[in-house]
> 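Mind having a look at this structure? Questions to follow.
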Amino acid sequence: PDLHLVRWAKSLHSLLGDQDGAHLFRTFLEREKCVDTLDFWFACNGFRQMDLKDTKTLRVAKAIHKRYIENYSVVARQLKLATKFFIRDCMKRQQIDSTMFDQAQAEIQTLMEDNAYQMFLTSDIYLDYV
Amino acid sequence: IDSEDDLLQECISSAMPKKK
């Protein structure tokens, strides 16, 4: 377990690459009422791996857009206006691309690294696990 | 047809780390 904890503290990526780490971070974000940021981050990764020829991919893009971008969700509120416009434009023209959520994901990731992740490493949830 | 929520959940789950 010690190795786990050292790895989780190394970077957000190493935390999220580990099943137990991602689960514990999710529990923490649920309590902080911003679990959507993590779900969005994973949804972007999942979307990037999808086949653009599959009709399902457009439906998933629409679902991500509706759930996280076009409302006042915790994700939408943290994204730059230009980033939201870009995604909205892609959706309007139905021009789906594997990288269409990359900028939005990068913005959310930076915010998670600077805020939620730092808070997590000093939280009782993490320290109790230690 | 899967609902929007199911599709989204499936997409999120596909990217979650698997048990080593």
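It should be emphasised that the depicted structure is a prediction, and the values quoted were computed from it without experimental measurement. Residue numbers start from 1 in every chain, and the chains themselves are labelled A, B, ... in the order their sequence lines are given, proteins ahead of strands. Scope of the values below: all heavy atoms of this structure, side chains included, with no hydrogens, waters or symmetry mates.
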> Can a salt bridge be assigned to the pair B/E4 and A/K66 using a cut-off of 4.0 Å between side-chain N and carboxylate O?
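Here B/E4 pairs with A/K66 in a salt bridge, since their nearest N and O are under 4.0 Å apart.
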
> What's the spacing between B/I12 CD1 and A/I64 CD1 if we round to 0.5 Å?
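B/I12 CD1 to A/I64 CD1: 7.5 Å, rounded to 0.5 Å.
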
> If I measure from the heavy atoms of chain A, does B/E10 come under 4.5 Å with its side chain, its backbone, both, or neither?
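For B/E10, the contact with chain A is made by the side chain alone.
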
> For chain B, which residues from residues 94-110 of chain A lie under 4.5 Å away (heavy-atom distances)?
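The stretch does not come within 4.5 Å of chain B.
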
> Mind checking the CZ-OG spacing from A/F42 to B/S14? Nearest 0.5 Å is all I need.
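Reported to 0.5 Å precision, the distance equals 10.5 Å.
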
> What about A/L12 and A/L111, same hydrophobic cluster or not, with Ile/Leu/Val/Met/Phe/Trp/Tyr joined at side-chain heavy-atom distances under 4.5 Å?
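Each belongs to a different hydrophobic cluster.
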
> Can you tell me how far CG of A/L16 sits from CE of B/M16, rounded to the nearest 0.5 angstrom?
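Answer for the CE-CG pair, B/M16 versus A/L16, is 9.0 Å.
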
> With side chain to side chain contact (heavy atoms under 4.5 Å, CB included) as the criterion, how do A/Y68 and B/L8 come out once you've worked through the C-alpha distance, each side chain's angles and the decisive distance to 0.1 Å?
CA-CA 11 Å; A/Y68 302 109; B/L8 197 52; 4.0 Å; yes

> Taking A/F25 as the starting point, is it possible to reach A/Y129 by hopping between hydrophobic residues whose side chains are less than 4.5 Å apart?
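In one cluster with A/Y129: A/F25, yes.
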
> Measure A/L38 against the heavy atoms of chain B and call it side chain, backbone, both or neither at under 4.5 Å.
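Interface part for A/L38: neither.
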
> How would you list, in number order, the residues of residues 69-89 of chain A that have a heavy atom less than 4.5 Å from chain B?
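Interface residues of residues 69-89 of chain A: none, nothing closer than 4.5 Å to chain B.
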
> Of the non-hydrogen atoms in B/C11 and A/V60, which two are nearest, and what is the gap between them?
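Of all heavy-atom pairs spanning B/C11 and A/V60, the closest is SG-CG1, 3.8 Å.
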
> So for A/R67, is it side chain, backbone, both, or neither that comes closer than 4.5 Å to the heavy atoms of chain B?
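Side chain only.
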
